[in-house]
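Down below is the structure, laid out as structure tokens.
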Amino acid sequence: MTSKGKIEILAPCGSFAALTAAVRSGADAVYLGLDRFSARAFADNFDEYTLARAVRYCRLHGVKVHTAVNTLVSDDELEGALKAAQSAYEAGVDAFIVQDLGLAALIKKACPGAELHASTQLTVHTPEGARFLYENGFDRVVLAREMSRQEIAGVVKSCPVQTEVFVHGALCMCVSGQCYLSAMLGGRSGNRGRCAQPCRLPFSVKGGTGHDLSLKDNCIINSLKELEELGVTSAKIEGRMKRPEYVAAAVSACREAADSGRADDESLDRLRSVFSRSGFTDGYYTGRLGREMFGTRSKDDVTAATDKLLARIRTEYKDEAQSRDVSFTLIIEYGKPSKLTAESGGKTVTVTGDLPQKAQKVALSAEKAQAQLSKTGGTAFRAAEVKARLGEGLTLPASEINAMRRGALEKLTALFEQPPERKREDVLIPAVKPYRKSGKTALRACFKSCFVPEDFKECELVFVPLFSDIGEIARLKESGFNVGVKVPRVIFGGEEAAEKVLLDAKAAGVTDAWCGNIGTAALALRLGMSVHGGFSLNVFNSQSLDFLEKAGLEDTEVSIELTAKQIARLGGTIRRGVAAYGHLPLMITRNCPNKNGSGCSKCGGRSTITDRRGTQFTLMCEGGCTELLNSDALVLSDKLDDFACADFLTLCFTYETPEECVRILDMYRSGGKSGGNLTRGLYYRGVE
């Protein structure tokens, strides 16, 4: 269980100017991205030189630096990503924020002593997921933005892992790490840091506003004290793409809330003026979902950030933050060089100056010496105590005292800026030997109900929804289907219910579980199930395959953002599969777009949403979440030779009729072609 303590204020920094604004406004820690492998690829980010400079500046002010290496990386990119992390480690960063499980395992070995933080892209939203990552070397988990206060509390209580909660900033419509909309529509992957934000464009449901995939910005700043009481470690501000003035305004409001219990209305109004989308929402945290959570960036929102407002904010952080108390002791004795000792934070330095002179008129007084030594403006230090031991009748020019003060503070600055002595561990990334399967490529199928046509008995596995009637699941097994259960990709607040049903399924003889989230996979493993990883685990390289195999998974589907050629080059020894048919889910959201329209009472769990070009996408609701499905079905039945490396192909059926399901199965058995509109997904296009 996370111990309660002062909550950390963690600020986003997409540039050095934003970092300066964050530190001078009161941040306890900052997070920033490297110029590669960062989930905000379009921020200015930090190269090797500016990162080293940033770390020195933050160390001087007692501020921690978290480095985001939080994108999926291919086998070809792993070595470069690891070297970038090692350079950052030697520069003195405190933590790495990572999405890719294979890369995380390498960083853990290569950078001993640095903390490992699980990115929100890993979709951690259950106690089991937090425990699993903690047991596998992660020090902190960044929780999904969609969690309520009760769900956050449940994770905090579950294990000693640190927890990080987003308290302000943009809300993606989709649960982080589960969005493929930008990749599918334009080839720019959010999982690779290049999201084009198509969700902010017009998408319409019946009775909606026309921007029905766009949420207001999250703001739970005035819940910081409550989060602190829950035991949350860090309050995170979103916004590495935002201007420095936004960072300053957000940090200042959080600092105010953390120190006094509440940010006043003026601070929040100012923050809203700097950036908002029709205002703010706390809907996920409070559990009040619905139309009030939706919003878009209006002309009024843009013009609210006036030049006058931004200039006023800049004046508040234009001066160097005096973050450290310093104590001075000045000693002046006849016939000896003057000496000044400065102590701060356990570090002590001494400088010497000129010989004092006999005073011709007025001797140097303790008050005058103290006044000169207290002039620490423009530095990171503030004079907390000044002592002066002065010989009688002696004097020393003010310029000499000033020079000694500057020299002492420069020495202290150098000591604080010095990074810890670290040595990277040499970690050899094994050369990848492409996997060679044994046997034929099998077929698997996923259904939205227990109504499965008889023809699918020949499939290696048939998955039906976990929360189906257990009697129906047992019936399928008894009638000859190799049946397993498909655990929902996200189960906000539903882990106990999922555990109960998994145990019921196991008691009925069903021991196979499809799991597309690391938390649900960990749960099924603990219960002794055979776990089959889903595409949404985002397996992008051979190291991630090895990680999942060591974790105990039976096999896994690989990422739908890999190309066929990349899949063929993957190494490792775990069995692997490909999502080969279906209306692929482009998003999964906890707040149905229909809640911004005419409501959800009459849709029966299925409706549509239309983009600005008139293309209709299906919305499917289940278990408190909504999936947005691609308009065209993925079809690979005539491309099977390109996926001969896969042990199995998964056919995912959503709203097809039984007859259509059988026809599609026949296509994959025969290698036939399909008519009508179809997509090859990203298997031939790839992603940026």
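Everything numeric here is computed off the predicted structure, so don't read it as measured data.
A 4.5 Å side-chain heavy-atom check between Ser189 and Phe540 finds every atom pair outside the cut-off. For the pair Thr67/Phe46, no side-chain contact is recorded, criterion being any heavy-atom separation below 4.5 Å from C-beta on. Using a 4.5 Å cut-off on side-chain heavy atoms (C-beta onward), Cys446 and Thr650 make contact. A heavy-atom distance below 4.5 Å is found between the side chains of Thr120 and Phe166. Side chains of Thr556 and Leu537 form a contact here, defined as non-hydrogen atoms less than 4.5 Å apart.
When the shell of 6.0 Å around NZ of Lys206 is examined, it contains 12 or fewer heavy atoms from other residues, nucleotides or ligands. Heavy atoms from other residues, nucleotides or ligands lying under 6.0 Å from CZ of Arg262 number 12 at most. The neighbour count for Glu226 CD, taken as heavy atoms of other residues, nucleotides or ligands under 6.0 Å away, is above 12. Around atom CD of Glu496, no more than 12 heavy atoms belonging to other residues, nucleotides or ligands sit under 6.0 Å away.
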Requested in this report: Step by step, work out the side chain to side chain contact (heavy atoms under 4.5 Å, CB included) result for Arg270 and Ser252.
Outcome: CA-CA 11 Å; Arg270 182 174 74 164; Ser252 295; 4.0 Å; yes

**Report entry** Stepwise side chain to side chain contact (heavy atoms under 4.5 Å, CB included) check, Leu133 with Val124
**Finding:** CA-CA 9 Å; Leu133 291 172; Val124 181; 3.4 Å; yes

Report task. For the pair Val487 and Trp514, evaluate side chain to side chain contact (heavy atoms under 4.5 Å, CB included) and give the outcome as yes or no after the intermediate values. Result -> CA-CA 6 Å; Val487 186; Trp514 184 99; 5.7 Å; no

Report task. Please step through side-chain hydrogen bond (donor to acceptor under 3.5 Å, both in side chains) for the pair Asn630 and Thr679, ending with a clear verdict. Result -> CA-CA 9 Å; Asn630 201 7; Thr679 178; 4.6 Å; no

Requested in this report: Check the pair His583 / Tyr655 against ring-ring contact (aromatic ring centres under 6.0 Å, His included), numbers first and verdict last.
Outcome: CA-CA 9 Å; His583 292 272; Tyr655 48 80; 4.9 Å; yes

Query - Check against side chain to side chain contact (heavy atoms under 4.5 Å, CB included), Met587 and Met173 - result: CA-CA 8 Å; Met587 276 190 174; Met173 187 69 181; 4.0 Å; yes

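Every residue two or more places apart in sequence or in another chain that forms a salt bridge (charged side-chain N to carboxylate O under 4.0 Å, His left out) with Asp217 is listed here: Arg277.
By the 4.0 Å N-to-carboxylate-O rule, Arg685 lies too far from Glu561 to be salt-bridged with it. Between Arg288 and Asp282, at least one side-chain nitrogen of the basic residue sits less than 4.0 Å from a carboxylate oxygen of the acidic one, meeting the salt-bridge criterion. Using a 4.0 Å cut-off between a side-chain N of Lys or Arg and a carboxylate O of Asp or Glu, Lys448 and Glu627 qualify as a salt bridge. Here Arg149 does not pair with Glu229 in a salt bridge; the nearest charged N to carboxylate O distance is not below 4.0 Å. A salt bridge is absent between Glu688 and Arg188; no separation between the charged side-chain nitrogens and carboxylate oxygens falls under 4.0 Å.
Sorted by first and then second residue, the salt bridge (Lys or Arg N to Asp or Glu O under 4.0 Å) pairs with a member in residues 584-596 read Glu151-Arg590; sequence neighbours excluded. Within the structure, no pair that satisfies the side chain to side chain donor-acceptor pair (under 3.5 Å) test touches residues 612-623, not counting sequence neighbours.
With Ser598 contributing its side chain and Gly207 its backbone, the two residues share no donor-acceptor pair below 3.5 Å. Remark: side-chain polar atoms of Asn222 are not paired, donor with acceptor, to backbone N or O of Ala257 under 3.5 angstrom. One N or O on the side chain of Ser536 and one on the backbone of Gly516 form a donor-acceptor pair closer than 3.5 Å. Side chain of Asn541 to main chain of Val73: a donor-acceptor pair is present (N/O by atom type, distance under 3.5 Å, no hydrogens or angles). Remark: side-chain polar atoms of Gln178 are not paired, donor with acceptor, to backbone N or O of Val175 under 3.5 angstrom. Between the side chain of Glu228 and the main chain of Ile7, a donor-acceptor pair closer than 3.5 Å is present. At distances below 3.5 Å, at least one donor-acceptor pair connects side-chain atoms of Lys216 with backbone N or O atoms of Glu292. With Thr589 contributing its side chain and Cys592 its backbone, the two residues share no donor-acceptor pair below 3.5 Å. A donor-acceptor pair is defined here as one N or O able to donate and one able to accept, closer than 3.5 Å; no such pair exists between the side chain of Ser674 and the backbone of Val635. Between the Asn594 side chain and the Gly597 main chain, no donor and acceptor come within less than 3.5 Å of each other.
Residues Leu634 and Ala579 approach most closely at CD2-O, 3.2 Å, considering heavy atoms. Heavy atoms only, all atoms of each residue included: Ser544 and Asp100 are closest at OG-OD1, 3.0 Å. In plain terms, the two heavy atoms of Cys254 and Leu224 that are nearest each other are O-CD2, 3.5 Å. Counting all heavy atoms, side chain and backbone alike, Ala27 lies closest to Val251 at N-CG1, 3.5 Å. Across every non-hydrogen atom of Ala263 and Ile221, the tightest pair is CB-CG2, 4.2 Å. The two residues Ser449 and Pro465 come nearest to each other via the heavy atoms N-CD, 3.8 Å.
Thr520 and Glu128 form no side-chain donor-acceptor contact under 3.5 Å, judged by distance and modelled atom types alone. Counting only N and O atoms by type, the side chains of Ser119 and Gln99 include no donor and acceptor under 3.5 Å apart. A side-chain N or O of Thr209 and one of Asn596 form a donor-acceptor pair less than 3.5 Å apart. If you check the side chains of Ser214 and Arg200, you find a donor sitting under 3.5 Å from an acceptor. Inspection of the Asn538 and Ser559 side chains reveals no N or O donor paired with an N or O acceptor under 3.5 Å.
We find the CD-CD1 distance between Glu245 and Ile313 to be 6.5 Å, quoted to the nearest 0.5 Å. Taken from CG in Asn70 to CD1 in Ile97, the straight-line distance is 6.5 Å, to the nearest 0.5 Å. To the nearest 0.5 Å, atoms OG1 (Thr608) and CG (Leu629) are separated by 11.5 Å. Note: Tyr285 OH to Glu146 CD = 15.5 Å, rounded to the nearest 0.5 Å. Distance check: Met620 CE to Cys625 SG gives 14.0 Å after rounding to the nearest 0.5 Å. The NE2 atom of His66 sits 11.0 Å away from atom SG of Cys13, with the distance rounded to the nearest 0.5 Å.
Taking the ring axis of Tyr684 as reference, the NZ or CZ atom of Lys639 stays within 45° of it and closer than 6.0 Å to the ring centre. A cation-pi contact, defined as under 6.0 Å to the ring centre and within 45° of the axis, is absent between Arg145 and Tyr284. Lys236 forms a cation-pi arrangement with Tyr31, by the criterion of a distance under 6.0 Å to the ring centre and an angle within 45° of the ring axis.
Using cut-offs of 30° and 60° on the angle between ring planes, the pair Tyr581 and Phe653 is tilted. By the 30° and 60° cut-offs, the orientation of the rings of Tyr246 relative to Phe275 is perpendicular. Below 30°, between 30° and 60°, or above 60°: for Phe492 and His125 the angle between ring planes is between 30° and 60°, a tilted geometry.
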